[in-house]
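Read the structure below first, then the notes.
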Amino acid sequence: AAFSTVSWFTNLMKGATARLQRYKQYDAMDQGDVSRALDIIAEEISNGDKRTGLPFIIDYQIEENQEIPDTTVTTLRASVRHWSKFHSLNKKIFNIARIMVKYGDCFFRKTSDIKKWEYVDPTRVIGIEIDEEGNKVAYHIRPSSFRNTVGVNKGGSESVEITPAAAMIHFTLSDDTADTAPFGLSILQAAFKDHQKLSMLEDSSIIYRLVRAPERRVFYIDV
């Protein structure tokens with residue numbers, strides 16, 4: 001029983017243990033030139049199809065001599081256009097891309113087939129439960145993103161919402177080969193050390209000016 005409990009917890013918390021701490025680092029980096037860089041990257045990868053105006057391109061897997069009826073193409077295109085308009089993807093696709101490249105993941109929850117997706121902040125996702133074959137089984141989500149700690153119910157155990165993987169929409173940069181899998185790794189992680197060094201240089205220059213300023217009480221002006 002102890003082994004099965006440890007195995008379950010390992011599968012649940014697979015990935016980087018400092019993921020939530022990295023989110024705070026990314027939020028601190030999201031300003032100035034870094035913020036503009038994220039905007040440019042998100043804009044480049046979120047452009048819609050110029051011919052149809054849809055955020056996605058329908059790719060038909062057909063044989064060489066096989067043709068698709070025009071009625072099928074029109075129906076599918078109309079369905080995708082209605083679906084995109086229902087979820088307001090033309091407005092959300094940029095934010096989805098920006099959140100994904102910033103944090104490495106972007107989560108939505110499907111509460112119903114006739115309702116819009118519910119956005120789930122990445123900080124609310126405690127872990128992803130996987131099976132022995134590496135397939136995602138369920139997402140463990142905090143009830144509210146405004147709580148720093150997981151809520152406690154009357155029984156004294158942690159209050160966590162367990163959502164099946166089929167009810168989650170997960171945009172990710174993960175390729176299942178990194179240490180952070182099944183979570184993605186932000187593109188800001190590679191520049192974090194350089195950003196930290198730059199911040200330390202700026203702080204040191206400010207401290208130097210503050211320390212040296214009181215010593216200059218006499219100013220010589222050439223006339």
Side-chain angles (χ1 to χ4, degrees), residues 5-31 34-35 38-39 41-42 45-46 55 83 86-89 91-131 134-176 178-190 192 195:
T5 303
V6 173
S7 178
W8 171 85
F9 182 77
T10 303
N11 290 338
L12 173 63
M13 300 304 294
K14 185 178 180 181
T17 56
R19 180 173 56 89
L20 299 180
Q21 183 64 29
R22 288 179 177 177
Y23 289 163
K24 296 181 180 180
Q25 299 173 357
Y26 303 151
D27 290 335
M29 294 176 63
D30 191 4
Q31 56 183 344
V34 176
S35 179
L38 290 175
D39 292 340
I41 296 173
I45 66 177
S46 62
W83 179 73
F86 175 74
H87 288 287
S88 302
L89 286 182
K91 299 179 181 178
K92 293 181 180 179
I93 194 69
F94 172 80
N95 293 328
I96 293 174
R98 197 181 190 282
I99 293 173
M100 182 181 65
V101 298
K102 177 182 177 180
Y103 296 111
D105 300 282
C106 183
F107 302 95
F108 288 89
R109 180 163 47 187
K110 296 186 294 182
T111 57
S112 174
D113 293 335
I114 58 176
K115 294 182 180 180
K116 293 184 177 181
W117 295 345
E118 175 192 355
Y119 172 69
V120 179
D121 192 274
T123 57
R124 293 178 56 189
V125 181
I126 301 175
I128 301 177
E129 186 177 350
I130 60 175
D131 56 13
N135 299 320
K136 300 175 184 177
V137 177
Y139 289 72
H140 291 236
I141 304 173
R142 293 179 180 175
S144 176
S145 60
F146 297 99
R147 300 178 183 177
N148 295 328
T149 57
V150 180
V152 178
N153 56 20
K154 295 181 180 180
S157 60
E158 295 182 347
S159 176
V160 179
E161 299 176 0
I162 301 178
T163 304
M168 292 292 296
I169 305 296
H170 186 182
F171 298 92
T172 180
L173 297 178
S174 174
D175 55 358
D176 296 333
D179 296 336
T180 58
F183 293 95
L185 185 62
S186 171
I187 62 173
L188 298 179
Q189 185 61 32
F192 172 70
H195 180 270

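These figures come from a predicted structure and were not determined experimentally. When reading the values below, keep in mind they use all heavy atoms of this one structure, side chains included, and skip hydrogens, waters and symmetry mates.
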>> Checking Gln25 now: which residues fulfil side-chain hydrogen bond (donor to acceptor under 3.5 Å, both in side chains) with it, not counting sequence neighbours?
In response: none

>> Going by side-chain contact (heavy atoms from CB on, under 4.5 Å), name the residues that satisfy it together with Ile114, two or more places apart in sequence or in a different chain.
In response: Ser112

> So do His170 and Tyr139 actually touch side chain to side chain, heavy atoms under 4.5 Å?
Replying inline: yes

>> Going by ring-ring contact (aromatic ring centres under 6.0 Å, His included), name the residues that satisfy it together with Phe94, two or more places apart in sequence or in a different chain.
In response: none

> What are the two closest non-hydrogen atoms of Val101 and Leu173, and how far apart are they?
Replying inline: CA-CD1, 4.0 Å

> From Phe183 CZ over to Arg22 CZ, what is the distance, rounded to the nearest 0.5 angstrom?
Replying inline: 12.0 Å

>> Looking at Gly184, is its backbone amide N or carbonyl O close enough to the side chain of Asp105 to form a donor-acceptor pair, meaning the two atoms are under 3.5 Å apart?
In response: yes

> Quick one: are Tyr23 and Pro122 in side-chain contact, heavy atoms under 4.5 Å?
Replying inline: yes

> What distance separates Met100 CE from Leu38 CG, expressed to the nearest 0.5 Å?
Replying inline: 11.5 Å

>> Which residues pass the side-chain contact (heavy atoms from CB on, under 4.5 Å) test with Ile169, not counting sequence neighbours?
In response: Phe108, Lys110, Trp117, Phe171

> Between Tyr26 and Gln189, do the side chains contain an N or O donor and an N or O acceptor separated by less than 3.5 Å?
Replying inline: yes

>> Using the side-chain contact (heavy atoms from CB on, under 4.5 Å) criterion, which residues pair with Asn135? Sequence neighbours excluded.
In response: Asp131, Glu133

> Among all residues two or more places apart in sequence or in another chain, which pass the salt bridge (charged side-chain N to carboxylate O under 4.0 Å, His left out) test with Asp30?
Replying inline: Arg98, Lys102

> Under 4.5 Å between any side-chain heavy atoms of His140 and Val125, yes or no?
Replying inline: no

> Do Ile141 and Val160 have side chains that get closer than 4.5 Å, going by heavy atoms?
Replying inline: no

> Which heavy atom in Val120 sits nearest to a heavy atom in Arg109, and how many Å separate them?
Replying inline: CG2-CB, 4.0 Å

> Can you name the residues that form a side-chain contact (heavy atoms from CB on, under 4.5 Å) with Leu89, not counting sequence neighbours?
Replying inline: Pro55, Phe56, Trp83, Ser84, His87, Ile96

> Got a second to check how far Leu188's CG is from Tyr103's OH, nearest 0.5 Å?
Replying inline: 10.0 Å

> Residues in side-chain hydrogen bond (donor to acceptor under 3.5 Å, both in side chains) with Ser46, at least two apart?
Replying inline: none

> Should Cys106 and Tyr119 count as side-chain neighbours, where that means a heavy-atom distance under 4.5 Å?
Replying inline: yes

>> Under the rule for side-chain hydrogen bond (donor to acceptor under 3.5 Å, both in side chains), what residues qualify as partners of Lys116, not counting sequence neighbours?
In response: none

> Is a side-chain N or O of Arg19 found less than 3.5 angstrom from the main chain of Thr123, in a donor-acceptor match?
Replying inline: no

>> According to side-chain hydrogen bond (donor to acceptor under 3.5 Å, both in side chains), who are the partners of Thr111, at least two apart in sequence or on a separate chain?
In response: none

> For Phe107, is the NZ or CZ atom of Arg124 found under 6.0 angstrom from the centre of its six-membered ring and inside 45 degrees of the ring axis?
Replying inline: no

> Between Lys136 and Pro182, is any pair of side-chain heavy atoms under 4.5 Å apart?
Replying inline: yes

